[in-house]
Colleague: 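I have a structure here, written as structure tokens, and I will follow up with some questions on it.
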Amino acid sequence: MRFRLACEQKRMIFDEKQRKSISDKNRLRILFGELLYYEEKFDDAGNIFISIINDPRIPNADKAAAYIGYGNYMMISGRDEHSQKERLMMLEKSFGQALKLSEKTPLREIALRMCGTYLSCSSETFKLAVPYYQDFLKEYPNSQDADYVAFHLGYIAANSKDFKLANEMLNQLKSKEKREILIETIDLQKENKK
């Protein structure tokens, strides 16, 4: 199932441009970690990403990629925490570190998206995803993930009763299916507002 999704997206965790920003020395290690992740060997993938993170000789871009892989591992393996404080600590230990280390590299795009995605996965933190998603859309408006981010930002806005932002995101969506879901969400939240 994960491999089918990777084939449809034409990437695993990283696309070719992002992967090229990783040094030759560590590119294969990162790629192997991605492969294990997509084979659902999550602990093995996590161990590879952790070994890269813990190596003080690794360049920042490579560490950023490893933090992104580690964050994905934590999300899928159920090892992320659930209170707002714990989720924010986990964000800082994974995607937040990737965001800091990926400045001015192609990895920043996925680090920003994953910060938003991680925060939006919990009712405790979903509103905190807004600035990450807004920055993503401002910096990467033509990204293959722009529709994904616009949908999630619109969904958060609708559920927060920010209908102006929700409608702005609705107007950006290209996917008919996502547009229909967001329209239903906006309508439902407007009904609940009455």
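Index from 1, following the sequence.
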Colleague: Are any non-hydrogen side-chain atoms of K164 and E168 less than 4.5 angstrom apart?
Modeller: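 In short, these two side chains touch, coming nearer than 4.5 Å.
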
Colleague: Which heavy atom of G33 sits nearest to which heavy atom of A45, and what is that distance?
Modeller: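 Looks like O-CB, 3.3 Å.
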
Colleague: Give a yes-or-no answer on whether the side chains of D135 and Y140 include a donor-acceptor pair shorter than 3.5 Å.
Modeller: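 Result is no, nothing qualifies.
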
Colleague: Hey, does the side chain of S21 reach the backbone of Q18 with a donor-acceptor pair shorter than 3.5 angstrom?
Modeller: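 Between the backbone of Q18 and the side chain of S21 there is a qualifying donor-acceptor contact (under 3.5 Å).
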
Colleague: Might you point out which heavy atoms bring I52 and I58 nearest each other, and give the distance in Å?
Modeller: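 Between these two residues, the closest heavy atoms are O-CG1, 3.4 Å.
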
Colleague: Would M89 end up clustered with Y73 when hydrophobic side chains under 4.5 Å apart are linked, directly or stepwise?
Modeller: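 No, it is not one cluster - the side chains of M89 and Y73 are not joined through contacts under 4.5 Å.
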
Colleague: Under the 3.5 angstrom rule, does the side chain of D62 hit a backbone N or O of S23 as a donor-acceptor pair?
Modeller: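 Indeed, once roles are kept as given, a pair shorter than 3.5 Å links the two residues.
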
Colleague: Using the side chain to side chain contact (heavy atoms under 4.5 Å, CB included) definition, which of the options F49, F95, Y67 pairs with N72?
Modeller: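 That would be F95.
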
Colleague: Please evaluate residues L188 and N192 with respect to the criterion side-chain contact (heavy atoms from CB on, under 4.5 Å), reporting the C-alpha separation (whole Å), side-chain torsions for both, the decisive distance (0.1 Å), and the verdict.
Modeller: CA-CA 6 Å; L188 179 66; N192 289 340; 4.0 Å; yes

Colleague: Checking L153 against Q172 for the side-chain contact (heavy atoms from CB on, under 4.5 Å) test, could you report, in this order, the C-alpha distance in whole Å, the side-chain angles of both residues, the deciding distance, and whether it holds?
Modeller: CA-CA 11 Å; L153 181 53; Q172 286 187 29; over 6 Å; no

Colleague: Looking at D147 and K174, is any side-chain nitrogen of the basic one under 4.0 Å from a carboxylate oxygen of the acidic one?
Modeller: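 Salt bridge flag = no for D147 with K174.
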
Colleague: Taking only Lys NZ, Arg NE, NH1 and NH2, and the carboxylate oxygens of Asp or Glu, determine whether K17 and D15 approach each other closer than 4.0 Å.
Modeller: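 Between D15 and K17 there is no salt bridge, as every charged N stays at least 4.0 Å from the carboxylate O atoms.
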
Colleague: Determine whether a donor-acceptor pair (N or O, by modelled atom type, separation under 3.5 Å) exists between the side chain of R108 and the backbone of S102.
Modeller: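 No; judged by distance alone, with no hydrogens or angles, the pair does not exist.
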
Colleague: Is there a side-chain contact between Y132 and L99, using heavy atoms and a 4.5 Å cut-off?
Modeller: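 Heavy-atom side-chain distance check passes, below 4.5 Å.
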
Colleague: Checking side-chain polar atoms at under 3.5 Å, does Y148 have a donor or acceptor matched by the opposite partner on T117?
Modeller: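 Looking only at side-chain atoms, T117 and Y148 do form a donor-acceptor pair, the distance falling under 3.5 Å.
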
Colleague: Does S51 offer a backbone N or O that forms a donor-acceptor pair with the side chain of D55 under 3.5 Å?
Modeller: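 Side chain of D55 to backbone of S51: no pair is present.
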
Colleague: Check each of I22, L101, I68 against K63 using the side chain to side chain contact (heavy atoms under 4.5 Å, CB included) test, and report the only one that passes.
Modeller: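 With K63 as partner, I22, L101, I68 yield a single side chain to side chain contact (heavy atoms under 4.5 Å, CB included), made by L101.
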
Colleague: Do the numbers put R113 on top of the ring of Y133, so that NZ or CZ is under 6.0 Å from the six-membered ring centre and no more than 45° off the axis?
Modeller: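 No.
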
Colleague: Does the pair D24 and R27 meet the rule for a side-chain contact (heavy atoms from CB on, under 4.5 Å), with working shown?
Modeller: CA-CA 5 Å; D24 291 341; R27 193 172 299 136; 2.9 Å; yes

Colleague: For residues A150 and L137, report the shortest heavy-atom separation together with the two atoms involved.
Modeller: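 What the structure gives for the nearest pair is CA-CD1, 4.0 Å.
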
Colleague: Checking S83 against E86: is there a side-chain donor and acceptor pair closer than 3.5 Å?
Modeller: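 Yes, S83 and E86 have a side-chain donor paired with an acceptor closer than 3.5 Å.
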
Colleague: Using modelled atom types and a 3.5 Å cut-off, is there a donor and acceptor pairing between side-chain atoms of R87 and backbone atoms of Y118?
Modeller: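 Side chain of R87 to backbone of Y118, a donor-acceptor pair under 3.5 Å: yes, one is there.
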
Colleague: Who passes side chain to side chain contact (heavy atoms under 4.5 Å, CB included) against I186, sequence neighbours left out?
Modeller: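 For I186 the side chain to side chain contact (heavy atoms under 4.5 Å, CB included) partners, ignoring immediate neighbours, are A158, F163, A166, N167, L170, L182, K190.
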
Colleague: Report the residues that fulfil side chain to side chain contact (heavy atoms under 4.5 Å, CB included) with Q84, sequence neighbours left out, ordered by chain and then residue number.
Modeller: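 Applying side chain to side chain contact (heavy atoms under 4.5 Å, CB included) to Q84 gives L88, E124, T125, L128.
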
Colleague: If you look at every heavy atom in Y38 and I13, which pair is closest and at what distance?
Modeller: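 Scanning both residues, the minimum pair turns out to be CE1-N, 3.7 Å.
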
Colleague: Under 4.0 Å between a side-chain nitrogen and a carboxylate oxygen: does that hold for K100 and E92?
Modeller: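 Yes, K100 and E92 are salt-bridged.
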
